[in-house]
Structures are given as structure tokens and as C-alpha cells.
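Structure, as C-alpha cells:
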Amino acid sequence: MKDDNFLRANNAQHLWHPMGHPGEAKANAPTIIAGADGSVIKDIDGHETVDAVGGLWCVNLGYSNDVVKDAIAKQLYDLPYYSAFAGTSNPTAIEASYAVREFFEADGMGRVFFTSGGSDSVETCLRLSRQYHRIKGEPNRTKFLSLKKGYHGTHFGGASVNGNNRFRINYEPLMPGCFHMPSPYTYRNPYNETDPDVLAQNIAAAMEDEIAFQGAGSIAAFIMEPIQGAGGVIVPGQHFMKLMREICDRHGILMIADEVITGFGRSGDWSGSTHFGVQPDMMCCAKGITSGYFPVGAALMSEAVAEVFETSGEDGAIFHGYTYSAHPVGAAAVTACLAETLRLDTKTNAGLRGTQLYDGCVKLMEKYDIIGDVRGGHGLMTGLELVSDRGAKTPMDMATMKRIHAAAYDAGVMVRLGGNNILMSPPLIITEDEVNRVLTGLDAGFAAA
Ligand SMILES: Cc1ncc(COP(=O)(O)O)c(C=O)c1O
């Protein structure tokens with residue numbers, strides 16, 4: 001490894017970073033994270049902070065899980081790679097598919113298609129949903145419905161169903177045939193509705209209207225995050241997802257639950273779908289499936305969807321997949337990660353510490369006028385929306401957001417900015433003391449606004 005001076009001098013000079021301006025990164029080089037332990041990260045200068053981002057909503061087991069590390073290391077020696085394209089398989093992939101299927105049994109998931117991450121999983125679900133209808137003799141069902149504020153990754157399909165324009169505009173035109181319903185976002189919505197249940201009914205009416213307009217027979221699937229993550233931790237009313245499920249059922253539309261963030265305990269339940277009492281037709285997973293230790297995702301299919309493919313003629317063949325689908329090292333990470341996730345019962349800690357973090361943020365809102373909205377309280381996903389004028393809900397400017405971020409970091413907590421939101425998704429093993437450190441760090445950040 002080159003020395004620290006080399007790293008500082010070359011930081012962002014040759015590497016283009018995702019989700020940022022390359023010129024900006026050259027001028028203001030990113031923080032170099034050089035080490036980590038438990039829920040704490042350490043930068044190249046030795047400054048330690050509690051990682052309230054959990055890497056990127058993914059390091060559910062924290063940074064020090066030796067069971068997962070050892071499984072990865074061992075597999076590298078047993079079999080570092082072999083293709084899973086039709087004709088060959090590998091032992092760890094078989095074992096991992098069994099473990100994932102068991103993990104999501106309550107959600108009715110019967111089959112597992114491994115990918116390399118969340119965007120791949122979304123793409124897989126979107127593509128297979130079209131194929132599903134084609135096999136069933138409805139080839140005109142090609143359109144997709146989704147929610148504004150949703151985030152579904154950056155492939156063209158996922159970006160087309162994404163509901164935040166900053167992930168869309170530079171890459172348009174996107175895929176035709178994608179239509180967006182309002183988000184269950186009580187703080188801002190076209191109905192000025194603050195009651196989540198009434199808002200859910202309004203969105204349901206908009207969805208029915210759109211389906212009637214498009215023609216139900218032209219729609220393949222509806223995709224939604226059980227709790228919208230990157231869009232600002234938008235928690236819908238308790239009945240919203242069920243309502244969407246009923247509408248999909250009535251119109252023969254497949255429901256895809258994007259569980260890339262909410263899967264594996266983050267919501268306080270093993271899946272966001274279970275959290276809201278819904279069984280989807282397909283699920284997109286990634287992140288917590290390996291706790292970020294190896295890039296793996298999975299697209300899951302219900303038994304009913306699986307049966308359509310498995311009992312079909314030639315048109316059921318899946319001409320879709322990735323070189324690293326069912327990667328043996330990734331699969332070893334999955335099996336170990338799920339075993340650890342269950343052994344540590346991370347969902348219970350996510351529920352407890354999530355409530356602590358949410359309640360602490362509500363208290364901070366009493367102290368600071370710039371906090372316009374606090375969202376969360378369902379596991380370890382918390383969002384604070386910052387405004388310069390609480391009455392007018394004027395979004396906070398980016399310079400102030402960055403000042404808050406820097407002051408919080410100096411005070412010992414790493415948080416993530418998403419527009420005028422502060423987003424938090426710490427490891428699910430975070431302790432009570434560490435959550436208090438997060439709240440103290442945030443307090444210092446807001447004081448510096
Ligand atoms: C809900 C959701 N879907 C899909 C993705 C895309 O996942 P990836 O970045 O692994 O491609 C993300 C990433 O944050 C996500 O939050």
C-alpha cells in the first residue's frame with residue numbers, strides 16, 4: 001500500500017466517485033476512510049466517528065464480523081469463481097439460495113436469482129415481470145408503475161421507475177411506459193394531506209385512475225420500497241402497502257417490493273413487506289444480504305410466479321443474468337451473513353435502537369427550528385428534513401447542509417446528506433451508547449448551522 005501522502009495527493013484525481021461532481025471532488029477531496037471496528041469508522045487522520053450511515057445502508061452486522069470474513073476468505077481458497085450460467089453450479093450458491101429462501105419464507109418467496117447488487121436485482125425483477133406476462137399470454141403487459149420519491153438504482157430500467165428527478169434528468173430519455181404515483185410523503189404532497197391514512201386513500205385513487213387511463217392489460221408491475229429510503233426515509237401509513245397490494249391483485253399487476261434497504265432487519269422486521277403485512281410477488285434484495293462485505297444482490301420470486309416459469313414452454317427460459325450471479329465467494333458471504341443476522345437477532349436491536357434514535361431526533365426538533373420534519377421510528381432508518389423557514393418549509397441550502405455535516409463529523413458522527421435531508425441507517429448492532437453519541441454529534445452539527 002502506498003503511503004498516506006500518496007493517497008492524499010491522488011485522492012479523487014484519477015477516480016470518479018459515484019453520485020458526485022468529479023470537478024468538485026478534485027477541488028474538495030473526499031474523506032478517506034481507512035479502518036473500522038464495530039459501528040465506528042476511522043479516517044486517514046485517525047479521527048473516529050460512529051457510522052450512522054452503515055457504509056451505505058448496508059453494513060448491518062458492523063465492520064467486525066469474523067464469521068462472514070472467514071467464510072469469504074475460506075471460499076477464496078476453495079473456489080474463487082465459477083459461472084452459474086446454464087449447465088454449472090457451485091456448492092456455496094446452492095447453500096445460499098436455500099438460506100435466502102428460508103429467510104424470506106414468511107414473505108412467500110420461493111426462488112432466488114442472485115445478482116451483483118441492488119440495481120441488478122431491480123432490473124431482474126422488472127425484466128422477469130414482463131416475461132411472466134408474456135408466458136401467460138399477455139405480451140402487452142409491458143408498462144411499470146412506481147412512486148415518486150422512490151429510489152430503485154441507476155440502471156436504465158431502475159432509473160426509469162425512480163421517483164427523484166436528480167437521478168433522471170441527465171440521463172433522459174428514459175424507458176417509455178413508466179408512470180409515477182405520488183409518494184406517501186405527509187410533509188409535502190399534492191393534496192396537502194398530513195394524515196397518512198387519508199393520503200394513502202388519495203394515492204390509491206390516483207393509482208386506480210392511472211390504471212384505468214393506461215389500461216390494466218398494458219401494465220406489467222408496480223414497484224415500491226416498503227419504506228422509501230434514499231428519497232428521505234418516507235414511512236407510509238400502516239395500511240398503504242396493503243392497499244397497493246389489493247389494487248395490484250384486482251388488476252393482475254405484479255407487485256415488486258424493493259427491499260434493498262428494508263430487507264434483513266432494518267425495518268425492525270426481517271423484511272419491510274412483513275413489517276406491513278404484505279406478501280409481494282417479487283422482491284429485490286442486496287446490501288444487508290452480505291452486510292456489504294461482498295457485492296451481492298438477489299431477485300426473489302413467489303411460488304406462484306416461479307410456477308409460471310417452471311411449467312412453461314420455451315418462452316420460460318431466462319435469457320438474463322450476470323457473470324457474477326451466484327458467485328461462490330459472494331454466496332459464502334450470504335450464508336454466513338444470514339446465519340449471523342439470525343443469531344444476533346439484529347431486527348430486535350434495530351427496533352429498539354431505531355426508536356431511541358427517532359425519539360432523540362424528535363427532541364432535537366424541539367431545540368432547532370431548522371428541523372422541519374423527523375421521519376422514522378420503524379427500525380434503524382431515520383431522516384431529518386432541514387428547512388430555512390419552518391412555516392414556509394423552505395428547503396435548506398446546500399452550503400448549510402454541508403456545514404452541519406462537517407460539524408457533526410468533527411463531533412464524532414458520520415451522517416449522509418440526501419438533498420436537504422439528513423439520512424441515517426447505522427449498523428443494526430449499534431449500541432445504546434453509540435446512538436447517544438450520534439445524537440450528541442447531530443446536536444453539535446445543528447448548533448453550527
Ligand atoms: C431501494 C433501493 N433499490 C435499489 C438500490 C440500488 O442498489 P445498488 O446501489 O446496490 O445498485 C438502492 C441503493 O441504495 C436502494 O436503496
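Note that ligands are numbered from 1 as they come in the structure, with each ligand's atoms numbered from 1 the same way. One is the number of the first residue; the rest follow in order along the sequence.
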His275 and His378 aromatic ring geometry - parallel, tilted or perpendicular at 30°/60° bounds: perpendicular
Amino acids in close contact with ligand 1, where any non-hydrogen atom sits under 4.0 angstrom away: Gly117, Gly118, Ser119, Tyr151, His152, Gly153, Glu225, Asp258, Val260, Ile261, Lys287
Counterpart residues, side-chain contact (heavy atoms from CB on, under 4.5 Å), relative to Ser325 (two or more places apart): Phe113, Tyr322
Plane angle bin for Phe294 and His327 - parallel if under 30°, tilted between 30 and 60°, otherwise perpendicular: tilted
Donor-acceptor pairs under 3.5 Å, side chain of residues 226-235 to any protein atom, not counting sequence neighbours: which ones?
unit_1	atom_1	unit_2	atom_2	d
Gln228	OE1	Ser183	OG	2.8
Gln228	NE2	Lys148	O	3.0

Show the atom names and distances, to 0.1 Å, of all donor-acceptor pairs under 3.5 Å that link a side chain in residues 30-41 to residues at least two apart or in another chain.
unit_1	atom_1	unit_2	atom_2	d
Asp37	OD1	Ser64	OG	2.9

Pairing of Lys393 and Glu385 as salt bridge, 4.0 angstrom limit: no
